[in-house]
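Written below as structure tokens is the structure these notes are about.
Small disclaimer: the values here were computed from a predicted structure and weren't measured.
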Amino acid sequence: MSFNFGIIFAVICMIGGLLMIILYKPFWWLMKKQEMPGHYKWYLRIPGILMILFGIGIIVISIVNDFAF
């Protein structure tokens with residue numbers, strides 16, 4: 001598999017998505033020290049999950065492109 005900037009971008013997307021899932025609480029909620037409702041936790045994790053899937057998709061497209069062409 002050839003090394004290109006798409007793979008670097010995909011890895012950055014996956015790391016960013018992982019950090020978005022881990023650090024899902026907004027700053028103002030941390031300052032108030034209140035527990036947020038359960039469904040808000042998943043609403044705030046959705047962008048991180050999408051970013052990880054985007055990174056995985058770029059890697060899959062890069063692999064298919066390498067083998068097909």
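Here CG of L18 is found 9.0 Å from CG of L23. Values are rounded to the nearest 0.5 Å. Atom CD1 in I58 sits 5.0 Å away from atom SG in C13 (nearest 0.5 Å).
Here I46 pairs with Y43, L50 under the side chain to side chain contact (heavy atoms under 4.5 Å, CB included) rule; sequence neighbours left out. Partners of L53 according to the side chain to side chain contact (heavy atoms under 4.5 Å, CB included) rule, which considers only residues two or more places apart in sequence or in another chain, are I49.
Checking each of I61, D66, I59 against I63 for a side chain to side chain contact (heavy atoms under 4.5 Å, CB included) leaves exactly one that passes, namely I59.
Clustering ILVMFWY residues whenever any of their side-chain heavy atoms sit less than 4.5 angstrom apart, transitively, puts F9 in a cluster other than the one holding V64. No path of Ile, Leu, Val, Met, Phe, Trp and Tyr side chains, each step under 4.5 Å between heavy atoms, connects F54 with I8, placing them in separate hydrophobic clusters.
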Worksheet entry | CA sep, side-chain torsions, deciding dist, call: M20, M51, side chain to side chain contact (heavy atoms under 4.5 Å, CB included) | CA-CA 9 Å; M20 288 172 74; M51 199 169 217; 3.7 Å; yes

